[in-house]
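First the proteins, then the strands, lettered A, B, ... as listed; each starts at 1. Quick caveat, the model's predicted, so the values are computed rather than measured. Just so you know, these numbers use all the heavy atoms, side chains as well, and skip hydrogens, waters and symmetry mates.
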Amino acid sequence: MNELSLHILDISYNSISAGASRIEIRVTETKADDLLVVEILDNGSGMSPDFLEKAADPFTTTRKTRRVGLGLPFFKMAAEQAGGKFKIESSPGKGTTVSASFGLSHIDRMPLGNMPDTVATLIMAKPEIEFIYERTVDGARFKLDTAEAKKMIGDIPINSPEVLEMLREIIFQNEKELCGGA
Amino acid sequence: MKSLAELAALREKMKEQMNLRNDTEGKIRVVVGMATCGIAAGARPVLQSFAEQVQLRKLSNVSVSQTGCIGICRLEPIVEVFVPGKDKVTYVKMSPDKVSRIIAEHLVNGQVVAEYTIGAAQ
């Protein structure tokens, strides 16, 4: 993957497969700490302690079509290559939180990339889920909650092309305001 | 600066033209593989391109959806097209620039774009 937004998309699908009804994506940048932290929190089925221990192993996967699962290992590698850390917390019946930190100015830290597309793609995948995207840059915060968006649009489906386009615009403009892109 | 408040205005505008038929019955289904392999290979722009062009051309008989691992990861991005009454067609090594041809020739005119299919790739 060449953008963090693609890793975020990938990991969020795990949350969807786990039956989550609420998926929260938090991206926090702090110049003073030279840190970029990505957290993906879900309220899905969670993992048993045994499975959790092997979750970041490429030969651990829940899918049947292949015997490798590279999503989590790739994300872990991306974090470690950029001088960061990787952690998964999970509790059966409660949910899972995947956290990856990156050296903000590290030469191998990939850009955050196209979050509007990632959020739109997730909404298209499962419009019933409440997706929350929160981006914080040195304390300045932007937050999008699809539950709030649904209140504004009433009975228009959130995955209508016009609504998705507007949500994309909202994310794009607000992110630009926070930090001029990247 | 756009905010959620603009959605309320959009709702007014769209109330008139609401097409409530959201199911996929009888529709041509375009299914894009979005597993890790697909995402890494560039499936997100392919999905978005299909969604955008179907919308632009007002193809109300086409639904675009996502799926997980299809099992032939080295050929990702993969797009499966299900036309009611016909066999499934599997397009492999997809990219956004191939999307308009598939829409025009296959989805609109019923002609499979053979050179993009899995048959041609093997």
Kindly work out whether a path of hydrophobic side-chain contacts (I/L/V/M/F/W/Y, heavy atoms less than 4.5 Å apart) joins [X] to [Y].
| X | Y | answer |
| --- | --- | --- |
| B/Val83 | B/Ile78 | no |
| B/Leu59 | B/Tyr91 | yes |
| A/Leu178 | A/Leu36 | yes |
| B/Val92 | B/Ile103 | no |
| A/Ile16 | B/Val31 | no |

[X] versus chain B, heavy atoms under 4.5 Å apart: side chain, backbone, both or neither?
| X | value |
| --- | --- |
| A/Thr61 | neither |
| A/Glu165 | neither |
| A/Leu164 | neither |
| A/Thr118 | both |
| A/Phe74 | side chain |

Any chance [atom1] of [X] has more than 12 other-residue heavy atoms, nucleotides or ligands included, within less than 6.0 Å?
| X | atom1 | result |
| --- | --- | --- |
| B/Lys93 | NZ | no |
| B/Asp87 | CG | no |
| B/Gln111 | CD | no |
| B/Phe82 | CZ | yes |
| A/Glu53 | CD | no |

Roughly how far, to the nearest 0.5 Å, is the [atom2] atom of [Y] from the [atom1] atom of [X]?
| X | Y | atom1 | atom2 | result |
| --- | --- | --- | --- | --- |
| B/Gln66 | A/Leu9 | CD | CG | 7.5 Å |
| B/Arg11 | A/Asp155 | CZ | CG | 6.0 Å |
| B/Thr36 | A/Arg66 | OG1 | CZ | 12.0 Å |
| B/Leu7 | A/Glu162 | CG | CD | 12.0 Å |
| B/Ile39 | A/Ile8 | CD1 | CD1 | 11.5 Å |
| B/Leu4 | A/Lys150 | CG | NZ | 13.0 Å |

For [X], is it the side chain, the backbone, both or neither that has a heavy atom under 4.5 Å from a heavy atom of chain A?
| X | value |
| --- | --- |
| B/Leu10 | side chain |
| B/Glu6 | both |
| B/Ser3 | backbone |

So [Y] and [X], do their side chains get closer than 4.5 Å, heavy atoms only?
| X | Y | value |
| --- | --- | --- |
| B/Gln48 | A/Arg168 | yes |
| A/Thr65 | B/Ile70 | no |
| B/Met14 | A/Ile153 | no |

Open item on the list: If we define contacts as heavy-atom pairs under 4.5 Å, which of A/Val163, A/Leu70, A/Leu167 has the most with chain B?
Closed with: A/Val163
Open item on the list: Looking only at heavy atoms and a cut-off of under 4.5 Å, which of A/Leu144, A/Asp145, A/Asn114 has the most pairs with chain B?
Closed with: A/Asn114
Open item on the list: Under a 3.5 Å distance rule, please check whether B/Gln55 uses its side chain to pair with a backbone N or O of A/Pro161 as donor and acceptor.
Closed with: no
- [ ] Among B/Glu52, B/Arg44, B/Glu12, single out the residue with the greatest number of heavy-atom pairs under 4.5 Å to chain A.
- [x] B/Arg44
TODO: Grab the two heavy atoms, one from B/Ala5 and one from A/Met152, that are nearest each other, plus how far apart they are.
DONE: CA-CE, 3.5 Å
